[in-house]
Amino acid sequence: MTTAKRDTYTPETLLSVAVQVFIERGYDGTSMEHLSKAAGISKSSIYHHVTGKEELLRRAVSRALDELFGILDEEHARVGTAAERLEYVVRRMVEVLMAELPYVTLLLRVRGNTGTERWALERRREFDHRVAALLKDAAAEGDVRADVEVRLATRLVFGMINSIVEWYRPEGPDGRGGVSGASGASGAGEREVVDAVARLVFGGLRKAS
């Protein structure tokens, strides 16, 4: 991978580079030597800012988790019917995923082998449960269909959203976001992806008139 130049090195650069290395090599397969080479700085320089690679991992997944939990505190996630709040949260989840793509990708790939990973998994479960509660409330209010079990519906919704990290690329051939494939990105922009997810999710969830 392309290494960062020494004269442009910052703690933020280090975190960004570390996230890319963790994604490419896997957290367990990444050493401080790998991070040093990728960042273009000495290991001692890294240790000047962090205690080790696990601190970098915690900073990275915290960034993703803070953005996701921040959605739940936004006005439109707290005001309105449960169905309206749920749709707002789903749309914002997609937006955050695309805006923080490397960080959310890393969050989705932690496996629980370290204390930080177990903490991240627990936080992810907490977020999932809060979204599931919105779906349950929407069903209770009669705005979404009740013939699909809430836990299953929640998993399917998260599965659709989380799959975006596997194919979405921020820059397509024309400078727009798009779908990654054999022929390159399709040119689908962020708003198109958000709208498509919302239509598919709520087209299936909303109770028929």
_Inter-residue atom distance Ser42.OG - His48.NE2, 0.5 Å rounding_ = 10.5 Å
_Closest non-hydrogen atom pair between Met160 and Leu200, with its separation_ = CE-CB, 4.0 Å
*Would you say Ser36's side chain and Met32's backbone share a donor-acceptor pair under 3.5 angstrom?*
no
*Shortest non-hydrogen contact from Leu107 toward Arg124*: O-NH1, 3.6 Å
*Are the side chain of Thr105 and the backbone N or O of Leu101 linked by a donor-acceptor pair below 3.5 Å?*
yes
_Arg59 vs Glu55, side-chain contact (heavy atoms from CB on, under 4.5 Å): CA-CA, chis, key distance, verdict_ = CA-CA 6 Å; Arg59 289 187 183 185; Glu55 183 178 342; 2.8 Å; yes
*Partners passing side-chain hydrogen bond (donor to acceptor under 3.5 Å, both in side chains) against Arg123 (at least two apart in sequence or in another chain)*: Glu126
*Give the minimum heavy-atom separation between Ala132 and Val150, together with the two atoms involved.*
O-CG1, 3.7 Å
*Just wondering, do Trp167 and Val193 contact through their side chains at under 4.5 Å, heavy atoms?*
yes
*Which pairs count as ring-ring contact (aromatic ring centres under 6.0 Å, His included) when at least one residue sits in residues 76-127, sequence neighbours excluded?*
Phe69-Phe127, His76-Tyr88
*May I ask you to decide if Thr30's main-chain N or O and Lys53's side chain share a donor-acceptor pair within less than 3.5 Å?*
yes
*In Å, rounded to the nearest 0.5 Å, how long is the span from CG of Leu68 to CZ of Arg92?*
9.5 Å
*Pick out which of Glu190, Glu100, Glu67, Arg191 makes a side chain to side chain contact (heavy atoms under 4.5 Å, CB included) with Glu95.*
Arg191
*Interatomic spacing from CZ in Arg130 to CD1 in Ile71 - rounded to 0.5 Å*: 11.0 Å
_Derivation of the side-chain contact (heavy atoms from CB on, under 4.5 Å) call for Arg91 and Asp195_ = CA-CA 8 Å; Arg91 285 178 170 275; Asp195 289 343; 2.8 Å; yes
*Do Val197 and Ile164 have side chains that get closer than 4.5 Å, going by heavy atoms?*
yes
*asked:* If you count heavy atoms of other groups shown closer than 6.0 angstrom to CZ of Arg155, is the number above 12?
replied: no
_Shortest non-hydrogen contact from Phe158 toward Met93_ = CE2-CE, 3.3 Å
_Would you say that Val17 contacts Gln20 through its side chain, given a criterion of any heavy-atom pair below 4.5 Å between the two side chains?_
no
*asked:* To check you understand the geometry: which heavy-atom pair defines the closest contact between Ala82 and Leu134, and what is its length?
replied: CB-O, 3.8 Å
_Tell me the closest heavy-atom pair linking Ala198 and Glu87, and the distance in Å._
CB-OE2, 4.3 Å
*Applying the 4.5 Å side-chain criterion to the ILVMFWY set and letting contacts propagate, would Leu97 and Leu156 be lumped into a single cluster?*
no
_Measuring from atom CD1 of Ile46 to atom CG of Leu56, what distance do you get when rounded to the nearest 0.5 angstrom?_
7.0 Å
*Taking the side chain as every heavy atom from C-beta outward, state whether Thr81 and Glu141 have any atom pair closer than 4.5 Å.*
yes
*Working to the nearest 0.5 Å, report the span between NE2 of His129 and NZ of Lys136.*
11.5 Å
*Any sub-3.5 Å donor-acceptor pair from Ser62's side-chain atoms to Arg58's backbone N or O?*
yes
*asked:* Ignoring hydrogens and geometry beyond distance, is a side-chain donor-acceptor pair present between Thr114 and Glu117 at under 3.5 Å?
replied: yes
*Within a strict 4.5 Å, meaning less than it, do heavy atoms of the Leu106 and Leu57 side chains meet?*
yes
_Donor-acceptor check, side chain of Glu149 to backbone of Leu152, threshold 3.5 angstrom: yes or no?_
yes
*To the nearest 0.5 Å, what is the distance between CD (Glu54) and OG1 (Thr116)?*
3.5 Å
_Side chain proximity check, Arg109 to Phe22, heavy atoms < 4.5 angstrom_ = no
